[in-house]
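Here's the structure we're looking at; comments come further down.
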Amino acid sequence: MHIAEEFMLHKIIPINIAGFDLSITQAVLWMWIASVIMLLFLFYCSKNMTVIPSNRLVTMFEVFVDFVKKDMVESFMHGQDVERFFPLIASMFFFIFASNFIGIIPGTYTPTSNINTTAVLAIFVFILYNVLGVIRNGVGGYLKSIVVPGLPAPIIPVVFVIEVFSHFARPLSLAIRLFANMMAGHIIIGVLIYLALLATGAFMGGIMLGSVSFAASVGMYFLEVFVKSLQAIIFAVLTSMYIAGAVAPEH
């Protein structure tokens, strides 16, 4: 099988409504499975929380929740906004975390290695923080907050145009960063394993060269675990920053 075939979408249940292709692909299927696994994990932990932690899974859950609240929400938001937006940021983090890690199991598919998945998440964040900014500050107040206060009047229009372009670039960078990192890791591991298999039977001494490629693929596998965690954190942190900047630009 060609390495790129791992990332090709296959229709499991073809659905076409009024010309729109709404088929269930393996990306949708594994996104649902990852979501269900994460929901079951969160439900189990929430039902087994005790004053004195005695369950390792529950303790890990508490560490995750504490990390999300303190480092991803309270670092950027203040007052009631912390409790108001913590469920959203936590949901975003746990969903991306589960979607990233489900693909580490051989034979599965990483939903976030598909640009459609990451693009929908990024567009949702873009629309959400802009709508929240307008609701909280009004249209005029939100547009005014885009430009840093205190600038000389002649350069304000130039800075405003640059800032508007930077806002439109945000969903693009969010979507491509997550998609590219998830896809690149799998391709590199696939190439190293392919080279190991190719070298092993190709020539004398190939077993040694194949062992090196296989060891590199194992090392890359552990690096991939780090990258999957890091990318979930980056997406959640940037979402929190964008929302905080829109609803409370004075901070």
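Here, residue 1 is the first one in the sequence, and each next residue gets the next number. Because the structure is predicted, anything quoted here is derived from the model rather than measured.
Under a 4.5 Å side-chain heavy-atom criterion applied to ILVMFWY residues, the cluster that includes I162 comprises V158 as well.
For the atom pair CD1 (I104) and CE (M182), the distance works out to 9.5 Å, reported to the nearest 0.5 Å. With values rounded to the nearest 0.5 angstrom, R170 atom CZ is found 9.0 Å from F126 atom CZ. With rounding to the nearest 0.5 Å, the separation of CD1 in I243 from CZ in R136 is 11.0 Å. In this structure, CD1 in I89 is found 13.5 Å from CG in D71, a value given to the nearest 0.5 Å. Y109 contributes atom OH, which lies 13.5 Å from atom CD1 of I33 (distance to the nearest 0.5 angstrom).
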Can you check side chain to side chain contact (heavy atoms under 4.5 Å, CB included) on F41 and M60, steps first, answer last?
CA-CA 11 Å; F41 171 69; M60 184 173 69; 3.9 Å; yes
T25 vs I12, test: side chain to side chain contact (heavy atoms under 4.5 Å, CB included). Steps then yes/no.
CA-CA 5 Å; T25 64; I12 299 173; 5.8 Å; no
Determine whether F93 and F235 satisfy the following criterion, side chain to side chain contact (heavy atoms under 4.5 Å, CB included), listing intermediate values before the conclusion.
CA-CA 7 Å; F93 170 74; F235 200 102; over 6 Å; no
Verify side chain to side chain contact (heavy atoms under 4.5 Å, CB included) between L238 and M241, making sure each step is shown before the conclusion.
CA-CA 5 Å; L238 288 176; M241 285 178 60; 4.3 Å; yes
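If you chain together hydrophobic residues whose side chains sit under 4.5 Å apart, M31 and I105 fall into the same group. Hydrophobic clustering (side-chain heavy atoms under 4.5 Å, transitive across Ile, Leu, Val, Met, Phe, Trp, Tyr) groups V134 together with F124. A single hydrophobic cluster is not seen to contain both V227 and I176; linkage of ILVMFWY side chains at heavy-atom distances under 4.5 Å, directly or through other members, places them apart.
Residues T110 and K228 form a side-chain contact, since some pair of their non-hydrogen atoms from C-beta on lies under 4.5 Å apart. Using a 4.5 Å cut-off on side-chain heavy atoms (C-beta onward), L121 and F95 make contact. Residues L88 and L128 are in side-chain contact: their nearest non-hydrogen atoms beyond the backbone lie under 4.5 Å apart. Counting heavy atoms from C-beta on, the side chains of F94 and V65 come closer than 4.5 Å.
Ring-plane geometry between H167 and Y142 is classed as perpendicular, the angle between the planes exceeding 60 degrees on a 0 to 90 degree scale with a lower cut at 30.
Y242 and N130 share no side-chain donor-acceptor pair at under 3.5 Å.
In summary, the aromatic rings of F64 and F97 are positioned with their centroids under 6.0 Å apart.
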